[in-house]
Amino acid sequence: MSEPLQWVLNLLIAQGLMGAFDTVYHHELTVRLPAQRSARLELAIHAVRAVLYGLLFAGVAHFAFQGFWALAVAALIAVEVGLTLWDFVVEDGSRKLPASERVLHTLLAINGGAVFGLYAVQLVQWGALPTALVATDSGWRGTVLALFALGVALSGLRDGRAAFRLSRALPVPNPFAALSHRRVLVTGGTGFIGTALVRQLLDAGHAVTLLARDPLRAAYLFDGRARCVRSLDALADDEAFDAVVNLAGAPVIGPRWNPRRKAQLLASRIGTTQALLGWLQRAETRPGVWVQASAIGYYGVRPADETLAEDAAPGQGFMVELCRRWEDAARTATTYGVRQVVLRLGLVFGDGGSLPALLLPIRLGVGGRLGSGRQVMSWIHRDDVLALIANALAEQTMAGVYNAVAPEPVAQATFATCAGRQLHRPVWLALPAAPIRWLAGEMAQLFVGGQRVVPARLLAHGFRFRHPDLAGALRSLV
């Protein structure tokens, strides 16, 4: 084997390693690309590229392409390069890539250019020979590239299947389409719920002003359709909004809840809420409704057989303090005559948020019971959260606290079994509560604690859930 060809194989192995990391970390774990409707074209391009890459990995490692075959491989490489450039354009228009993905794509492009440049020299030499497909022995490099060829081909088939499924998926009704034109001020609009909310508001023709720490990133995320401000000081006193939706708050799942972390969680919620109240106080025209996010953590960890409606007393612990202080801070808005709707959110299931983390061990075949498995999970589909917000904007009769949970709370063991059935994976592992508490500290209550919360006021109000049962909700998502 010539030295240039050895370099081609070495660089191709590096390309495979970087590509595998990009696919698993960025596409699967970070943005869950196969579940994103907006990524359908990108997935279709990935599918074709992956199959072609599989052919290249296998072919380059095991054959010498002489004569006409050299021309055919050169054409295949040209198609691959063209698809890569098209992919760059499509993904840049459909989503904002994180910095790590942009850096990795740059390295992949540089490395790919080196591979194709060196291999082009070899193809020119082979092209002068009589047409033949000659088997070669690349040693361990050939074995590694054969495995890469199989992996990338399977990845392409997965992306192709996901693109096909997304093309056939029924469109999700936009609950804001039926509303007359609204001017909405949103906080937390780049989060898991907020991103979907802002997009649906914009798609329905409403005007959205978004409070964001990074206005440029937020503007990019929504294609410049939303007005993005870093501070509420940018709003004039005579600026009018029909509604405020306050979703701002750092994720509670993360580092351990030490005093500094607790202070950050409180500040991210109460600080933003107090800033909104400061704006409300000086506004010449006040909004008609304020939709306030909270959480069922307000009730604390409760026994599995205790049913909690909106009038249940609060529990004990940091989550209770966090939710109570958040709600108490927002309640001041009612003193200005603003109708307020507080949504105590359960676990919100969608193509982001907590669900991917809950499903990951099940996808890997190591899912099962956490602790006793009897702790109750009160959950809701994100589509129903958005419908609830639309109802809150539209219906003057909605006011006060509502448990934003589906009518079917389930034990954690039941959730694992149902998810395993939907993903066609075994559910067998039993993880004791002790190591979870040791690792997560007080935050462990989110995993091994629970509460049976029911949407009593929503049911009395006549709200119709799009996803009332767990099996249907998971089926729509996985």
Side-chain angles (χ1 to χ4, degrees), residues 22 25-27 29-33 36 38-39 42 88-106 183-203 206-236 239 241 243-255 260-280 291-293 322 326 329-330 345 348 350-354 356-357 382 385-386 389:
D22 186 38
Y25 180 73
H26 291 126
H27 297 173
L29 299 180
T30 304
V31 299
R32 297 215 60 232
L33 210 59
Q36 304 290 341
S38 60
E42 184 180 351
F88 286 166
V89 173
V90 169
E91 67 186 6
D92 199 53
S94 63
R95 61 188 177 96
K96 179 172 174 57
L97 275 65
S100 59
E101 190 171 1
R102 288 189 176 277
V103 170
L104 188 56
H105 284 189
T106 301
R183 297 159 297 179
V184 186
L185 174 61
V186 178
T187 71
T190 58
F192 166 56
I193 298 173
T195 299
L197 168 68
V198 172
R199 282 179 176 155
Q200 289 198 348
L201 283 168
L202 293 170
D203 290 344
H206 303 292
V208 178
T209 297
L210 180 63
L211 177 65
R213 290 190 303 270
D214 187 346
L216 182 61
R217 176 181 177 274
Y220 193 102
L221 181 64
F222 300 113
D223 300 322
R225 296 186 294 162
R227 175 193 178 194
C228 303
V229 297
R230 190 186 305 276
S231 168
L232 293 173
D233 293 336
L235 304 180
E239 192 160 358
F241 294 96
V244 171
V245 181
N246 184 20
L247 303 173
V252 293
I253 296 179
R260 180 179 179 183
R261 175 64 176 161
K262 290 179 178 180
Q264 290 174 340
L265 293 173
L266 285 165
S268 67
R269 287 160 173 78
I270 298 171
T272 301
T273 302
Q274 290 175 339
L276 279 171
L277 291 169
W279 162 79
L280 187 67
V291 180
Q292 173 65 37
L322 182 66
W326 198 10
L345 296 161
V348 182
D351 54 17
S354 61
R382 186 174 62 177
V385 174
L386 298 174
I389 296 174

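- Listed here is the closest heavy atom pair of A226 and V198: CB-CG1, 4.4 Å.
- Take R269 and apply the side chain to side chain donor-acceptor pair (under 3.5 Å) test, not counting sequence neighbours, and it matches no residue.
- For the pair T187 (side chain) and A248 (backbone), a donor-acceptor distance under 3.5 Å is present.
- We find the CG-CG distance between L280 and L276 to be 8.5 Å, quoted to the nearest 0.5 Å.
- We find the CG-OG1 distance between D214 and T190 to be 8.5 Å, quoted to the nearest 0.5 Å.
- Side-chain contact between R199 and L221: present, with at least one pair of heavy atoms (C-beta onward) separated by less than 4.5 Å.
- Shown here are the ring-ring contact (aromatic ring centres under 6.0 Å, His included) partners of Y25, two or more places apart in sequence or in another chain: F21.
- With a 4.5 Å cut-off on side-chain heavy atoms, L197 and V208 do not count as touching.
- Sequence neighbours left out, the pairs with a member in residues 215-228 that pass side chain to side chain donor-acceptor pair (under 3.5 Å) are D92-Y220, D203-R225, R227-E239.
- Residues that satisfy the side chain to side chain donor-acceptor pair (under 3.5 Å) test with R230, not counting sequence neighbours, are absent from this structure.
- Nearest heavy atoms, A329 versus L277: O-CD1, 3.0 Å.
- Taking CZ from R102 and CG from L104, the interatomic distance works out to 12.5 Å, rounded to the nearest 0.5 Å.
- P215 and V229 get closest at one heavy-atom pair: CG-C, 4.0 Å.
- Looking at residues two or more places apart in sequence or on another chain, you find no side chain to side chain donor-acceptor pair (under 3.5 Å) involving R213.
- Listed by chain and number, the residues in a ring-ring contact (aromatic ring centres under 6.0 Å, His included) with H206 amount to none (sequence neighbours excluded).
- Of the inter-residue distances, the one linking E101 atom CD with T106 atom OG1 reads 10.5 Å to the nearest 0.5 angstrom.
- Atoms NE2 and CG, from H27 and D22 in turn, are 4.0 Å apart once rounded to the nearest 0.5 Å.
- Side chains of N246 and T272: no donor on one and acceptor on the other come within 3.5 Å.
- Side-chain contact between L345 and I193 is present, with at least one heavy-atom pair separated by less than 4.5 Å.
- Between W326 and L266, every side-chain heavy-atom pair lies at or beyond the 4.5 Å cut-off.
- Note that SG of C228 is 10.0 Å distant from CG of L211, once rounded to the nearest 0.5 Å.
- With a 4.5 Å cut-off on side-chain heavy atoms, V385 and F192 do not count as touching.
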